[in-house]
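As C-alpha cells, the structure follows; a few thoughts come after it.
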Amino acid sequence: MDYKFKQIEEKWSKAWSDTEIYKVGEDPNKKKFYVLDMFPYPSGAGLHVGHPLGYIASDIIARYKRLNGYNVLHPMGYDSFGLPAEQYAIESGQHPAITTKKNISKYRKQLDKIGFCFDWSREIQTSSPNYYLWTQWIFKQLFESYYCNIENKALPITQLIEKFKSDGNKFINSPCDKNTPNFCSKDWNLWSEEKQQKILLKYRLAYISETVVNWCEDLGTVLANDEVKDGFSERGSYPVTQKKMKQWSLRITAYSERLLNDLESLDWSESIKEMQKNWIGKSEGLKLSFEIYGFKNQKIEVFTTRPDTIFGVSFIVIAPESKYTEIVTTTKQKNKIQKYCASSSKKSEKDRQTNNKKYTGIFSGSYAIHPITKKKLPIWISDYVLGSYGTGAIMAVPCGDQRDWEFAKKFKLKIPNVFSNVDTNEKAYTEKSATITDSDFLNNLDVPSAIKKAISYLNNKGLGTVQTNYRLRDAVFSRQRFWGEPFPVYYKNNIPYMVEDKKCVKLPKIDKYLPTKDGEPPLARANKSDWNIFKGDRMEYNTMPGWAGSSWYFLRFMDPLNKSSFVDIKKSDYWNQVDLYVGGAEHAVGHLLYSRFWTKFLNDRGFINFNEPFKKLLNQGMILGRSNFVYRKKGTNTFITYEKISKFNVSKVHVDIELVKNDILDLNKFKNWRSEYRNSKFLLNENGKYRCGFEIEKMSKSKYNTQNPDSLIEKYGADTLRMYEMFLGPIEQFKPWNTNGINGVHNFLKKFWKLLHHDHKFSVNREKLTTEEEIIINDCIKNVTKDIDKLMFNTCVSHLMTALNNLIKLKCNKYKVVKDFTRLLFPFAPFISSEVWEMLGEKELINDSGWPKYKMNLGELRPINLPISFNGKYRYNIDIDQSLSIEKIKEIVSSNPKTIHYLGSKKIKKIIIVPKKIVNIVF
RNA sequence: GCCCAGAUGGCGGAACUGGUAGACGCGCUGGAUUCAAAAUCCAGUUCUGGCAACAGAGUGUGGGUUCGAUUCCCACUCUGGGUACCA
C-alpha cells in the first residue's frame, strides 16, 4: 500500500475539526503553557512559505507540551488593518473590509491545510469592531492617565487634577510637554475648563503634539517612509517634503528606564535585547547653555556626553528645524538660510545621517559664547544634527567626533586638539584612552576623570546640569488613513474629548478612500450622519497606526469573546505571560517594544498582573525571496532596462515576480499591473527585451517576491512541507527559499510507511527488542527530546531520519519501537502519525499519549572510538573500552605501531588525553 | 551612516562547554531491477595529486591565543534585517 498523504490528511483534518480537539479552557489542575505566533497581516497574495516557518515551530512546541501534560493555549488571528488593503481600495473602490474578509478566508484555508493545532474558537481580527472597541478603550485609559516619576508608574489623571487643585504643579514630578508653564493652585482653580484641559493634555500619556511627516503635495497625502524612494513617492514619482502636523502621540518615553531595566528578566536572545537597548539609547551627560553673542537672554542648550572636551569646542551646530534657527538667523544670511532649510526638509532623517560624506550647512551669521573661555564660537546650521534628538543643537568638538571633524574640514573651521600625543589632522580621535591637554583645569587627566571633573565644575558654576538622555522618542499614534482604528475622540473648540462609555466608534462610510482636497485625512469625507457616534464640533479624522492592535492582542486571546472587559483578570492571571513567542526578527524593536509598553501600562493601572508580555522569544529567521526590480528614470514614466541604468538617474522599484521570467519583464502584464503603469515607456536592451535587476531580500508582499505553499502541499502533502521547512536549517537563521531538497523529506515519510507494510497490509512485529534496536530508539528519544527543548528542529528531523535508516537496515518494525517513534514524529508530522497510531490500535488519542522517556545509561559501556592526533593533526583511531584508565590508554597509544610510524625519529614531549574525546601526542 | 545578525563541499546544513570538519538531506557518478521509463534498492561523492595505500590543502579574508580553533580575541570584506508612517 502506498503512502496516500492526501487521503490521510483530509481524514484527520476533518476529524480534528469535528471533535474540536484543540479547544482549550482554563484548567487549574494543569500547568498552563501559552505559545503564540506573531499573527499575520492577511495580504491579497495569501500565505507565503515564510509565514509557516514560525507557525510550524510553535505548532511543534504546542503539541510537544501537550504530550508532556500541559494545558496549551495556542491561538491564531489576523492583524487585519493595514496599508495594502487601503491602497487596493483606492485603486478599485472596493471597501477594505471586503478585501480583508476575502483574504482572511484564503489564509484560513491555507492554514488549515498545514494541520496546525490552533484553537480557532479564539480567533481575533484587529479590524473587527468587537476587537477595536477595546483598542480604543486602552487608548482612552492612556488618555486618562499620567506618569508619576515618584511612584514610578502610570496613575489616573484624576489624581493629578486633585494635586493641581491643592498645590498647582509645583510638586509634580511627571513627564510632560517641554512648554508646560509653572502654576499654583489659585491659577488652576481660576482657569476655564478649556484652559485646564489644555494643561492636562501636556501630562496625559496620550497627547497631541506637532511632528514631522512625509508630505506629498501631488498625492495630497502623507506617505509612509516605505512609500518614499529617494525623496520621491514610489507611486507616481512625485516629490515628497517634510511637513509638521498635529498628531496624537503616546508618552512611551516615560517608560524608558523600565523598558531598559526589565530586559534583564527576559529570556530573549542577547542580540534582540541589545537592539532594544540601543533603540532606547540611554546616555548620561550634561546639558550646557551657550549664550548667544549680542542677545542677553537667549541661550542655546546643547546635550553632550563628553564634557571633558569642552575646551575643544570650536563651533555650534543647530538643526535646520530647531527652534533656535529663527533666533540666530541674521538678516544678511536670511535668504540663504531659508533656502537651505527648504532643501533639507526634502531629505529623510535616514538620508541626513547616511550621506555624511557630503556634509552640507550654512553659517547663521551669529556667534555663541564659550561658557568658560568666553571665546566667540560661530553658529552653523546643518542637517547632520537632528531636531528630534537631544536639544536639536550640539557643541561641535571636531578633534573628538568624526562628524564634527568632517564638517570642520569641509567648511574650514578650526580643529583645536585637546588630546595629548594624538594626531587629529587626519581624523578625529573618538576613543577614550588619551590624556586631556590644552584644557585649563582638565589638563593631564584621563577621559573618565576629566568627564567627572568637568561635570562637577560646570554644575557648580551653574553652567550645566546633569541629564540622562534617551534616544527613544514618543510614539506618533496618528495616521492619515482610512483603514485603521478610528479614535474614540471628538473635538469641542479644538480641544479633544473622549467618547464616554464602552461604545465603539466605528469607521464611517465614505465615498472615496482618498484624502480631501484640503489634505485632510479620508475620514474628513464622512458626514455627521455617517458616524455611529458623533459628538462635539467634529470627530477625530486620523486613525491609529498598524501597531495599535498588535500591541495587546496576546491578552485578548485569553478571553476573546468578553463583552464587558478587554480581558477578565482571572483569565489573564491563569494564562499569564506568553511562555514562548515566535516571530520574525524584523519586529525586534517596533512591535516588541510597543507591546512591552502597553503591558506595563495596563499593569500599572491594575488591569493585569504582570508587566512583561513575552517571557521567551524565538525569532525565526526570515525566508528570503528573490525580488525583481524595474528602474524608472526619475520624475518620468520611462523604465530603463538593467543593462543601461548606469547612464541615467533612476529610482529602483519592486516589480511582482509573477510578471517576470528569468529576469525578463513581460511588458504587457506590467502595463496592466497598475493603472499608473498603463502608459509606461521602456528603454530596452539589444535583444529588444526589458531585463530586471534582482536581489535576495526578505519575502514580503510589499516586495512582490512571495512564493506560496499550496502547490507543494498538493504535490507532497502537509506533513512533508512541515518537516521540510524545519529541515531547511536552524529556525533563527535567514535562508533563501528553494525546494531542492523536499523529496528527501518526503522519501523519509514514504520509507516509514513502507516499513510498516508487508504485502500491502499494515503489520508490526510484537517481539521483544534486541539491545541494538533498543539503543537505536533510545538514542532517538534522547536526541529529539534534547533538541526540541533547544528549539533545534532541523536536527530533530535528522535524528528521526538516522533512526529510521538504522531500523530499516535491521528490518525492525517492532511494536514498541514503532509506538515510540510515532509519538516522536507526531509534533512534526501529525497526520501520518495519527494514522499510524490508529493502525497500531491504540485506544487513547496520540495527542495526549505522553512523550517517550529515555534511559540515561543505555549503551554507556560500549567500546568507543578514540581519535589519535599528532600535534593536533588527526592521524588514526583505536577502539577501546570506556573504563580504561588514562595511564593504560597512554601505554596502548604510545606502543601502537602507527604512533611509532608517525613519530619517525622524533621523541614524544607530552601526551594529552581528554577522556572519551581525543588523544593528542605532542612531539 | 548607526544598531543587530550571518558566511562551512556543487547545494541546504551538522559539529554538545576549544577535541576525528562535512552528520542528515539534495544533487551528481556507477551498479541492480525493468523491453524501456518512473519508482525502489546498493555503492561512491570536500578539493588537489595518486590505480591504490597515502600525502597535502581546507570552515569569507588577514593576524593572534592554544598541545589543539568552524568554535575564543583583534582588524577587515561581503550578504541580510532594523533605522521610528510596511507589517
Side-chain angles (χ1 to χ4, degrees), chain A residues 38-41 43 79 81-84 211 213-214 222-228 247 269-272 274-275 277-279 281 349-357 384 388 402-403 471-476 478-481 545-547 550 584-591 593 619 621-622 624 695-698 700-703 724 727-730 732-736 738-745 747-748 750-751 754 786 790 792 794-795 797-802 805 865-877 909-912 914 916-923:
Chain A
M38 290 183 187
F39 62 166
Y41 171 78
S43 79
D79 191 11
F81 273 132
L83 268 185
T211 41
V213 295
N214 299 312
V222 173
L223 295 177
N225 289 336
D226 218 45
E227 300 173 297
V228 183
Q247 310 207 63
S269 74
E270 284 308 313
S271 63
I272 297 272
E274 191 67 27
M275 283 166 84
K277 260 183 216 164
N278 294 332
W279 185 267
E349 204 166 278
K350 195 170 152 193
D351 283 339
R352 286 168 58 167
Q353 291 173 83
T354 305
N355 298 331
N356 66 353
K357 290 273 138 73
Y384 84 93
S388 55
Q402 190 58 24
R403 291 164 304 178
R471 204 183 69 101
L472 182 70
R473 305 203 290 254
D474 276 343
V476 180
S478 298
R479 298 291 182 269
Q480 294 68 42
R481 311 279 176 187
W547 52 270
S550 60
E586 68 270 32
H587 299 283
V589 177
H591 161 61
L593 203 64
N619 270 121
M622 269 171 285
L624 303 176
E695 260 169 46
I696 305 288
E697 56 182 354
K698 83 171 179 185
S700 156
K701 64 268 172 186
S702 64
K703 301 190 188 300
Y724 181 60
F727 192 55
L728 273 177
E732 319 86 325
Q733 208 160 87
F734 291 68
K735 43 202 162 254
N738 79 77
T739 53
N740 287 346
I742 194 164
N743 54 347
V745 172
N747 248 342
F748 160 78
K750 281 206 293 201
K751 285 194 287 190
K754 206 170 137 190
K786 278 186 178 163
K790 284 190 270 183
M792 289 167 56
N794 56 326
T795 48
V797 177
S798 301
H799 296 316
L800 290 166
M801 286 174 164
T802 307
N805 287 346
N865 188 267
L866 197 63
I868 315 297
S869 59
F870 292 74
N871 283 345
K873 184 156 182 66
Y874 162 76
R875 288 297 181 179
Y876 71 96
N877 61 59
K909 278 189 191 151
K910 195 159 67 167
I911 297 183
I912 293 158
V914 185
K916 295 185 195 180
K917 286 271 162 75
I918 202 167
V919 175
N920 191 18
I921 298 170
V922 186
F923 61 86

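In the text below, chain A, chain B and the rest are named by the order of the sequence lines, each starting its count at 1. Since the model is a prediction, treat every value here as computed from it, not as a measurement.
- For the pair Asn920(A) (side chain) and Gly872(A) (backbone), a donor-acceptor distance under 3.5 Å is present.
- Contact between the side-chain N/O atoms of Arg875(A) and the OP1/OP2 oxygens of rG56(B) is found at a separation under 4.0 Å.
- Using a 4.0 Å heavy-atom cutoff across all strands shown, Leu472(A) reaches at least one base atom of the nucleic acid.
- Using a 4.0 Å heavy-atom criterion, one finds that Ser550(A) contacts no nucleic acid atom at all.
- Nearest to the side-chain atoms of Gln480(A) among the listed nucleotides rU20(B), rG25(B), rC85(B) stands rC85(B).
- Nucleotides rG9(B) and rU59(B) are separated by 10 Å at their C1' atoms, to the nearest Å.
- With contacts defined as side-chain heavy-atom distances shorter than 4.5 Å, the pair Lys790(A)/Thr795(A) does not qualify.
- rC47(B) and rC28(B) have their C1' atoms separated by 16 Å, given to the nearest Å.
- By the side-chain hydrogen bond (donor to acceptor under 3.5 Å, both in side chains) test, Thr802(A) is found to be paired with no residue, residues two or more places apart in sequence or in another chain being considered.
- The nearest whole Å value for the distance from the CG atom in Leu83(A) to the P atom in rA87(B) is 5 Å.
- The salt bridge (charged side-chain N to carboxylate O under 4.0 Å, His left out) check on Arg481(A) picks up Glu227(A), with sequence neighbours excluded.
- Phosphate proximity of rC85(B) to Arg479(A): present, with a side-chain N or O under 4.0 Å from OP1 or OP2.
- Across rG30(B) and rA75(B), the matching C1' atoms stand 48 Å from one another, rounded to whole Å.
- Among the atoms of the strands shown, only primed sugar atoms or phosphate atoms (P, OP1, OP2) are found under 4.0 Å from some heavy atom of Met801(A).
- Distance CE (Met38(A)) to P (rG82(B)): 13 Å, rounded to an integer number of Å.
- Shown here are the ring pair (Phe, Tyr, Trp, His ring centres under 6.0 Å) partners of Phe870(A), two or more places apart in sequence or in another chain: Tyr902(A).
- Candidate nucleotides rA84(B), rU20(B), rG81(B) were compared by shortest atom distance to the side chain of Met275(A), and rG81(B) ranks first.
- Between Lys917(A) atom NZ and rA21(B) atom P the separation is 14 Å, expressed in whole Å.
- Of the possible polar contacts, none joining the Ser869(A) side chain to the Ile918(A) backbone as a donor-acceptor pair under 3.5 Å is found.
- In this structure, CG of Leu593(A) is placed 17 Å from P of rA87(B), rounded to the nearest angstrom.
- Remark: the separation of the P atoms in rG80(B) and rC73(B) is 25 Å, to the nearest Å.
- In this structure, Ile921(A) and Arg875(A) have side chains that are not in contact, with every pair of non-hydrogen atoms separated by 4.5 Å or more.
- The salt bridge (charged side-chain N to carboxylate O under 4.0 Å, His left out) check on Arg471(A) picks up nothing, with sequence neighbours excluded.
- Residue contacts shown for Val589(A) are absent, as no nucleic acid heavy atom lies under 4.0 Å away.
- For Phe748(A), the ring pair (Phe, Tyr, Trp, His ring centres under 6.0 Å) criterion is met by no residue, not counting sequence neighbours.
- Nucleic acid contact for Asn743(A): sugar-phosphate only, since backbone atoms but no base atoms lie under 4.0 Å from a heavy atom of the residue.
- The side chain of Ile918(A) has rU20(B) as its nearest neighbour among rU20(B), rG81(B), rC41(B).
- Residue contacts shown for Val213(A) include a base, since a base heavy atom lies under 4.0 Å away.
- In this structure Trp547(A) satisfies the ring pair (Phe, Tyr, Trp, His ring centres under 6.0 Å) test together with Phe477(A), Tyr594(A), sequence neighbours excluded.
- In this structure, Asp226(A) places its CG atom 4 Å from C1' of rC86(B), rounding to the nearest Å.
- Helical stems involving RNA chain B, defined as 3 or more consecutive Watson-Crick or G-U pairs under 3.5 Å, span B:1-7 with B:77-83, B:10-12 with B:24-26, B:27-32 with B:40-45, B:46-49 with B:54-57, B:60-64 with B:72-76.
- Atom P of rC35(B) sits at a distance of 24 Å from the matching atom of rU29(B), rounded to the whole Å.
- The residue Gly590(A) sits apart from the nucleic acid: no heavy atom pair falls under 4.0 Å.
- Atom CZ in Phe748(A) sits roughly 18 Å away from atom P in rA23(B) (whole-Å rounding).
- Nucleic acid contact class of Lys750(A) (heavy atoms, under 4.0 Å, all strands): sugar-phosphate only.
- Separation of the C1' atoms belonging to rA69(B) and rG62(B) is 16 Å when rounded to the nearest angstrom.
- With sequence neighbours excluded, the residues forming a side-chain contact (heavy atoms from CB on, under 4.5 Å) with Ser43(A) are Tyr41(A), Ala45(A), Tyr107(A), Lys701(A), listed by chain and number.
- With contacts defined as side-chain heavy-atom distances shorter than 4.5 Å, the pair Arg473(A)/Ser388(A) qualifies.
- By the side-chain contact (heavy atoms from CB on, under 4.5 Å) test, Lys910(A) pairs with Ile912(A), Val922(A), sequence neighbours left out.
- Contact annotation for Met622(A): backbone-only contact, meaning every heavy-atom pair under 4.0 Å involves sugar-phosphate atoms and none involves a base.
- Among the protein residues, Lys909(A) comes within range of no part of the nucleic acid, since none of its heavy atoms lies under 4.0 Å from any strand.
- For Lys703(A), the side-chain contact (heavy atoms from CB on, under 4.5 Å) partners are Ser627(A), His654(A), Glu697(A), Lys698(A), Ser700(A), Asn705(A), not counting sequence neighbours.
- The side chain of Val222(A) lies closest to rC85(B) when the candidates are rA84(B), rC86(B), rC85(B).
- Closest to the side chain of Asn805(A), out of rG82(B), rC24(B), rA21(B), is rC24(B).
- rA21(B) and rA14(B) have their C1' atoms separated by 10 Å, given to the nearest Å.
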Under 4.0 Å protein heavy-atom contacts per nucleotide of nucleotides 5-14 of chain B, with B for base, S for backbone only and - for none: S------BSS
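- As a whole-Å value, the separation of Asn747(A) CG from rC42(B) P is 11 Å.
- Nearer to the 5' terminus of RNA chain B, by closest-nucleotide assignment, is the contact made by Lys703(A) (compared with the other of Tyr41(A) and Lys703(A)).
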Between the protein and nucleotides 63-68 of chain B, are there any N/O to N/O pairs under 3.5 Å, and if so, what are the atom names and distances?
unit_1, atom_1, unit_2, atom_2, d
rC67(B), O2', Asn920(A), ND2, 3.3
rC67(B), O2, Asn920(A), ND2, 2.4

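- In this entry the base of rG82(B) is anti relative to its sugar, with a glycosidic angle more than 90° from 0.
- Checked by atom type and distance alone, the side chain of Asn871(A) pairs as donor or acceptor with a backbone atom of Phe923(A) at under 3.5 Å.
- Among the protein residues, His587(A) comes within range of the nucleic acid bases, having at least one heavy atom under 4.0 Å from a base atom.
- A sub-4.0 Å separation between OP1 or OP2 of rG82(B) and a side-chain N or O of Asn225(A) is absent.
- Following rounding to the nearest Å, Tyr876(A) (OH) and rC54(B) (P) show an atom-to-atom distance of 14 Å.
- Remark: the Gln247(A) side chain and the rC85(B) base include a donor-acceptor N/O pair separated by less than 3.5 Å.
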